[in-house]
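Numbers here simply count residues along the sequence, with the first being 1.
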Amino acid sequence: MNENTESTLDPNKDDLPLMANTSFMLVRHYVLDLAVNFHREVINGTIALFLETNKVYNKTANAEGAGRHPSLQASLETGQLGPSCSLACAGKDKMSNLANYGDGRVTNVNSCNHSNNEWAGGISGTREHCGDGDDFVLVLDCCDLVVNKVEEVNVVATAGIDKLIGIDMLKPEDSIYSHGLQNDLQSSILDAILGLAAEHWQEQYNYYIQCSKAPGYNELQFQTDMWSLKIKKPGVQSPKDFPRVLRIWYETKPEGGSVKWTKDQIGRPCVYTAGSPINNRALFPCQEPPVAMATWQASIWAPNDSVVLMSGENCAEPQQDGALSKWFYYVTMCMPASTFTLAVGHWFEVKHEFFSESQWQSPSSASSSFVKENCSVSMTACGHSAYPCRFRNPAARNQDCIPHRVFAPDCLRLSGQEFLFPLLARCLSAAHYILGTHPFGRVDVLIVPASFSSLGMASPHIIFLSQSVLSGGNHLCGVRLSHEIAHAWFGLAIGARDWTEEWISEGFATYLEDVLWANAQKLAQEEAKEQQQLRSLLRWRRLRDEIQNSEEELQVLRPNKENTGEVSSTGATIVKHGRNPGKIFMQVHYLKGYFLLHYLENQVGQKAFLKFLRLFVERFHGQLILSQDFLHMFMENFPQLKSQGLSTETIYEIWLDVAGLPKKGSRAKNSLISFCKRKPSEDPIGWTLKKQIYFWKRLESKNVNIKTPRC
């Protein structure tokens, strides 16, 4: 993405813009306080953003001589506080009076007409710090939100905050110091909160909550356009002087693309984040580039008879207040804002009366010993930012089946009790057996309304599952559960640094669903191989058909090639074809990624490859990666492959950077042909239809039958 992307982006094209200028400032934590209104189909309230100047920018600024207040404690001790910095700082340009100018018309900025060219022309979010007198602008990703107010939060007024920074503060009556000193105090407080060690996360999160409730003291100017929310403080020309804590008052729109308002299977209203191509920018203003990893706390207010499920580490208990109840969730692992997930509806928890733990044994039987013998790994140092990591917790490492719950509409509770709940335990245990430590300490599974456009969707601590998988018997449901559970490792704990590399998430999950499901069924090695071969044949035919009937540009796993992961100097970028409507239904990243991983497995054997995947997870959990990170580590662990003609460059050329299937005559192509195109007499993959049906019936006979659920 070049420097002029912000001004040249064509909204009519299918690229998805990520507008946040993350090169200057990063959101480190979000505190949301939102209410769900089913009657109006809106979510409204506030979000507090805790910001930090990007370390890359800090290095540049410090090299140029920029610094903090020379003597913070001395200034406090003198009592010379200087003139108060109050709401008057906003001057005559308070946002409530700002107007948009576009096409000769004047419109209110809160109407989300996206044409305030005069204002946008006078400020620049692409500038490091504007030497010509322009103010610095913080750019957030935002779409279809009605923003009512943006204010700076006076965290200095938070009770007991002086103890955190170890400074006795002589506070003026309004807790507002002179402009320069106020900024330095705010920065010192935020640095102290962010600097608390991982083991003090509860203290840290208490400070976040208390600071988010501190009074506002400075309304800031803002502007919304089609893809962003731009915020500035008049007179502030550098990110290091920009407010560190903001509070935004806003409301979603019924037509906003991030959430879906609908009816559940029995006609009651519900709303959920639907995995939209525009992610969460129509749910809350945020920084959407994957590098802007943050934590969050959220208080969600909803009618008393509804249930709120969310991506959170805790099992929230509702606190009733009148006609509404508050549900509070939090996460301590830094995640991209796109992984934030919410579902509010009249769900019922599925209790497991029909299932006891004694009925299920962990899949560590002799039939799976081929995995166990080769999957032990030693603990390595974590490479992620500090948080209470489960990979360093011995109890968590040994927890094969994490706490789990199932939620469904009333008409599907019986199906969940008899069928889904025990399958979930088996698949979770199988995943731990294959991949090791569960990255997340619990998981909820929700059977979403019939309008859900996919079979499943995984998010931190929560999985959405389509009701259609329940009618497909144990096999379909088990395979889908295995796929979504695998995303906890590949897609969530390890994410793609460039969203165009979808195969890093979907290819791995597709490959692992076979391994996990075979293990969950406790299949013998030969049975597991037969099942995998049959599924590979079906995938091969589907991939071949899709490649013959789709645009070549959409078939490339690494469309940005050597520029993958690059962004503009501001941090803004685009996701190529991120809004292409046809891409939603394509599976090339699933299938081509699957065959690439299967190809690599064939080079070293399944035992060695699964052991390598565990090593890779140990090294990269909690981080973002590119294809090259995986391939470089693979080649480092199997150096003998280089002498056989395999290299990262050849994998790029044959698999990742080109459309279609591997070229004819290549080693990869020959491997695929031998695996997927043998004659029936040469390989089990060419079974007759009769044998295929017999095989599936034999597998299904091992499982509990389920009737097609009806509502």
Arg28 CZ to Glu52 CD distance, which is reported to the nearest 0.5 Å: 4.5 Å
Close side-chain approach of Pro439 and Phe391, heavy atoms under 4.5 Å: yes
Donor-acceptor pair between Trp301 and Asp321 side chains, under 3.5 angstrom: no
Lys/Arg N to Asp/Glu carboxylate O, Lys232 vs Glu152, below 4.0 Å: no
Partners meeting side chain to side chain donor-acceptor pair (under 3.5 Å) with Thr332 (sequence neighbours left out): Glu313
Salt bridge (Lys or Arg N to Asp or Glu O under 4.0 Å) assessment of Glu618 paired with Lys611: CA-CA 11 Å; Glu618 286 279 340; Lys611 181 178 180 180; over 6 Å; no
Euclidean distance, Ser311 OG relative to Tyr330 OH, rounded to 0.5 Å: 13.0 Å
Test item: side-chain donor near acceptor, Ser459 and Thr341, under 3.5 Å: yes
Reported CG-to-CZ distance for the pair Leu140 and Phe284, which is rounded to 0.5 angstrom: 10.5 Å
Side-chain touch Glu288/Pro336, heavy atoms, less than 4.5 angstrom: no
Side chain to side chain contact (heavy atoms under 4.5 Å, CB included) assessment of Leu34 paired with Asn44: CA-CA 5 Å; Leu34 303 174; Asn44 56 18; over 6 Å; no
Check against side chain to side chain contact (heavy atoms under 4.5 Å, CB included), Leu309 and Leu342: CA-CA 6 Å; Leu309 301 175; Leu342 175 68; over 6 Å; no
Test item: side-chain donor near acceptor, Asn304 and Ser325, under 3.5 Å: yes
Positive for ring-ring contact (aromatic ring centres under 6.0 Å, His included) with Phe508, one of Phe630, Phe620, Trp489: Phe630
Candidate list Val139, Asn21, Leu18, Val137, test side chain to side chain contact (heavy atoms under 4.5 Å, CB included), partner Ser228, passing option: Val139
Identified side chain to side chain contact (heavy atoms under 4.5 Å, CB included) partner of Val31 from the options Ile209, Leu49, Ile47: Ile209
Residues that Asn280 engages under side chain to side chain donor-acceptor pair (under 3.5 Å), provided they are two or more places apart: none
Ring geometry between His483 and His487 (parallel below 30°, tilted from 30 to 60°, perpendicular above 60°): perpendicular
Shortest non-hydrogen contact from Ser299 toward Phe328: OG-CD1, 3.4 Å
Atom pair CG (Leu283) and CG (Leu145), whose distance is rounded to the nearest 0.5 Å: 8.0 Å
Check: Tyr387 ring centre within less than 6.0 Å of Trp201 ring centre: no
Among His621, Gln399, Arg397, the one residue meeting side chain to side chain contact (heavy atoms under 4.5 Å, CB included) with Arg390: Gln399
Salt bridge present between Asp191 and Arg244 (N-O < 4.0 angstrom): yes
Parallel, tilted or perpendicular: ring planes of Phe136 versus Phe24, cut at 30 and 60 degrees: perpendicular
Parallel, tilted or perpendicular: rings of His29 and Phe50 (30°, 60°): perpendicular
Aromatic plane relationship, Phe421 with His404 - under 30° parallel, 30 to 60° tilted, over 60° perpendicular: tilted
Whether His438 and His432 hold their rings parallel, tilted or perpendicular, with breakpoints at 30° and 60°: parallel
Residues Arg497, Ile625; criterion side chain to side chain contact (heavy atoms under 4.5 Å, CB included); working and verdict: CA-CA 5 Å; Arg497 186 151 60 91; Ile625 66 167; over 6 Å; no
Given Leu246, Leu194, Leu26, the one that forms side chain to side chain contact (heavy atoms under 4.5 Å, CB included) with Leu51: Leu246
No-hydrogen, no-angle side-chain donor-acceptor test under 3.5 Å, Gln287 and Thr22: no
